[in-house]
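Each chain gets a letter, A, B and so on, in the order its sequence line appears, and its residues count up from 1.
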2 protein chains.
Amino acid sequence: MDIWKRFGEKEVSHSMAHYLQAVAALKSDKGHARVVDIADHLGVSKSGVTSMLRSLQSRGLVTHERYGAVELTPSGQRLASRTESNRRVLTMFLSEILGVPEAVASEDACMIEHLVSPEVSIELLRLTTFVRSKHPVAAQFRDAYKASPRSCAEHAPGACELCGETCLHESLVCEPKDGGAEV
Amino acid sequence: MDIWKRFGEKEVSHSMAHYLQAVAALKSDKGHARVVDIADHLGVSKSGVTSMLRSLQSRGLVTHERYGAVELTPSGQRLASRTESNRRVLTMFLSEILGVPEAVASEDACMIEHLVSPEVSIELLRLTTFVRSKHPVAAQFRDAYKASPRSCAEHAPGACELCGETCLHESLVCEPKDGGAEV
DNA sequence: GAACTGTGTTGAGGCAGGTTAACAATCCTG
DNA sequence: CAGGATTGTTAACCTGCCTCAACACAGTTC
C-alpha cells in the first residue's frame with residue numbers, strides 16, 4: 001500500500017507549479033518573463049530560477065535559450081492554467097461554502113492546488129456553483145447548513161455516522177500547545 | 001507574496017506524516033513498531049527509516065533509542081491522529097459528497113491530508129455530516145445537486161459567476177495528451 | 001569605446017529524503 | 001554456547017531545490 005509514494009511522482013512539484021504560474025502571470029502582466037522577474041516574483045535567487053528552468057525545459061514545460069526569453073510550451077501553459085483554476089475553485093469553495101477565513105482559504109488553496117485531481121476540481125466547481133446559485137434548494141441549503149451543528153457533541157448522542165469508534169471532530173480540534181499559556 | 005514558500009515550512013512533510021501514521025498503525029495493530037515493520041509498511045529501506053526516525057526525534061515527535069523501541073510522543077500522537085482524521089474526512093467528502101471514484105478520492109486524500117488546516121477539516125466534516133444527514137433540506141439538496149449542470153456550457157449563457165473572463169471548467173478538463181491515440 | 005549597471009549563468013555547498021552495501025547488535029535454536 | 005538469521009546502524013551516494021559568490025554577457029552613458 002504505497003499511494004503515499006506517488007506524492008513525489010506528481011506531474012509537477014509544488015515549486016514547479018509556482019514557477020509555471022509565475023511565468024504565465026508575468027507574460028500576461030508585462031508581456032515577457034525574464035529570469036530576474038521570475039526570481040523577484042517568487043522571492044528566490046536568480047540562480048535558482050536558472051536551474052529550475054533547466055529542469056522545466058527537460059520536462060518540456062518551458063523553452064529557454066541562454067540569455068534568451070522564457071516561454072511556456074503548450075503543456076506548460078495547460079498545467080499553469082489548470083493549477084490557476086484549481087486555486088480559484090478551491091479558494092472559492094473554502095471561503096464561500098465552508099466559510100473559513102480568507103487567509104486560511106488562500107493558504108490551503110495554495111498548498112493543494114497542484115495536488116487535486118481534475119475529477120475533484122471539476123466536481124468542486126460544480127458543487128460551489130450550485131450552492132451559490134439561485135436555485136431555491138440551494139438557498140434553503142445555505143440557511144439550514146448555517147444552523148447545522150458544529151461538533152459531534154451536538155449530534156444526537158452516539159449517532160455520529162462519520163466517526164468510527166472515536167470522534168473525528170475531537171482529533172481535528174487544535175488542542176493548546178504544550179507550554180501554552182496563550183490568552 | 002510568498003505563501004507558496006510556506007509549503008516547506010509545514011509542521012511535518014508528506015513523508016513525515018506517513019511515518020507517524022505508520023508508527024501509530026503498527027502500535028495499534030501489533031503492539032509495537034520496529035524499524036523493519038515501518039520499512040515494510042511504507043515500502044522504504046530500513047536505513048531510510050533509521051534516518052527519518054532521527055529527524056522525527058529531533059522534532060520531538062517520536063522517541064527511539066539505538067536498537068530500541070519506537071514510540072510516539074504526545075505531539076507525535078496528536079499529529080498522527082489529526083492526519084488520520086483528515087484523511088477520513090477528506091475521503092468521505094470526496095467520494096460521498098463530490099461523488100468522485102473511490103480510487104481518486106483515496107489518492108487525493110492521501111496527497112493533501114497533511115496540508116489542510118484544522119479550520120478546513122472541521123468545516124469539511126460539518127458539511128459532509130450535514131449533507132449526509134436525514135435533515136429534509138439535505139435530502140432535497142442531494143437530489144437537486146445530482147441534477148445540477150455539469151459544466152459551464154450548460155449554465156445560463158454568460159452567467160458563470162465563478163469563472164472570470166475564461167471558463168474555469170474548460171481549463172480543468174483533461175485534454176488528450178500530445179501524442180494521444182488512446183482508445 | 002571604456003566603464004558602469006543590470007541581467008544571466010556557473011559552481012560549490014546545504015538540507016531533505018531516499019537508495020545500496022557493509023557491518024554491528026540481537027535473538028533463536030540445536 | 002556457537003552459528004545463523006533477523007534486525008538495526010552507518011557510510012557513501014543520488015536527486016530536488018534552494019543559497020551565495022563569482023563571473024559572463026548586454027545595454028547604457030559619457
Side-chain angles (χ1 to χ4, degrees), chain A residues 2-23 26-27 30-71 110-111 114-115, chain B residues 2-23 26-27 30-71 110-111 114-115:
Chain A
D2 41 8
I3 294 179
W4 78 280
K5 280 200 158 185
R6 292 210 280 274
F7 190 81
E9 296 162 11
K10 282 271 162 188
E11 220 168 348
V12 291
S13 66
H14 180 74
S15 297
M16 289 179 183
H18 281 275
Y19 275 88
L20 294 178
Q21 281 184 278
V23 174
L26 290 165
K27 278 287 283 186
K30 309 189 169 189
H32 62 267
R34 294 175 311 169
V35 169
V36 74
D37 299 325
I38 301 171
D40 289 351
H41 189 90
L42 293 177
V44 298
S45 62
K46 289 179 296 172
S47 40
V49 174
T50 300
S51 81
M52 180 57 97
L53 287 177
R54 193 170 17 248
S55 164
L56 290 172
Q57 184 156 33
S58 78
R59 287 165 202 250
L61 298 173
V62 304
T63 59
H64 175 223
E65 62 260 12
R66 281 171 61 95
Y67 298 100
V70 178
E71 303 288 345
C110 173
M111 296 298 148
H114 66 297
L115 293 170
Chain B
D2 39 10
I3 295 180
W4 78 281
K5 281 199 159 187
R6 292 210 282 273
F7 189 83
E9 296 161 11
K10 282 271 161 186
E11 219 169 349
V12 291
S13 66
H14 180 76
S15 295
M16 288 179 182
H18 281 276
Y19 275 88
L20 293 178
Q21 280 184 280
V23 174
L26 290 165
K27 279 287 283 186
K30 307 189 169 188
H32 62 267
R34 293 175 312 168
V35 170
V36 72
D37 298 325
I38 301 170
D40 289 351
H41 189 90
L42 293 177
V44 299
S45 63
K46 289 178 297 171
S47 41
V49 174
T50 300
S51 81
M52 180 56 97
L53 287 177
R54 191 167 24 246
S55 164
L56 290 172
Q57 184 155 34
S58 79
R59 286 165 201 248
L61 299 174
V62 304
T63 60
H64 176 222
E65 61 260 12
R66 279 170 64 92
Y67 297 100
V70 177
E71 303 288 344
C110 174
M111 296 300 148
H114 65 298
L115 294 170

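- Applying the 4.0 Å criterion to OP1 and OP2 of C:dA16, one finds that B:Lys10 has every side-chain N and O outside that range.
- OP1 or OP2 of C:dT10 lies within a sub-4.0 Å distance of a side-chain N or O belonging to A:Arg66.
- The ring of B:His14 has its center no closer than 6.0 angstrom to the ring center of B:Phe7.
- The 5' end of DNA chain D is approached more closely, in terms of each residue's nearest nucleotide, by B:Asp37 than by the other of B:Asp37 and A:Met52.
- Not a single donor-acceptor contact under 3.5 angstrom links the side-chain atoms of A:Thr50 to the base of C:dT10.
- Put simply, A:Tyr19 has a side-chain N or O that comes within less than 4.0 Å of OP1 or OP2 on D:dC18.
- Set against D:dT19, C:dT9, C:dG17, the side chain of A:His64 has C:dT9 as its closest nucleotide.
- One N or O on the side chain of A:Trp4 and one on the backbone of B:Leu42 form a donor-acceptor pair closer than 3.5 Å.
- Using a 4.0 Å heavy-atom distance criterion, B:Ser45 is classed as a base contact.
- Using modelled atom types, no side-chain atom of A:Ser55 and backbone atom of A:Ser51 make a donor-acceptor pair closer than 3.5 Å.
- The distance between the ring centers of A:Tyr19 and A:His41 does not fall below 6.0 angstrom.
- Across D:dT9, C:dT7, D:dT19, the shortest atom-to-atom separation from the side chain of A:Lys46 is found for C:dT7.
- Side-chain proximity of B:Trp4 to C:dG17, D:dA24, D:dC18: nearest is D:dC18.
- Of all nucleotides listed (D:dT9, D:dA21, C:dG17), D:dA21 comes nearest to the side chain of A:Ser47.
- For A:Ser51 against D:dC17, no side-chain N or O and base N or O form a donor-acceptor pair under 3.5 Å.
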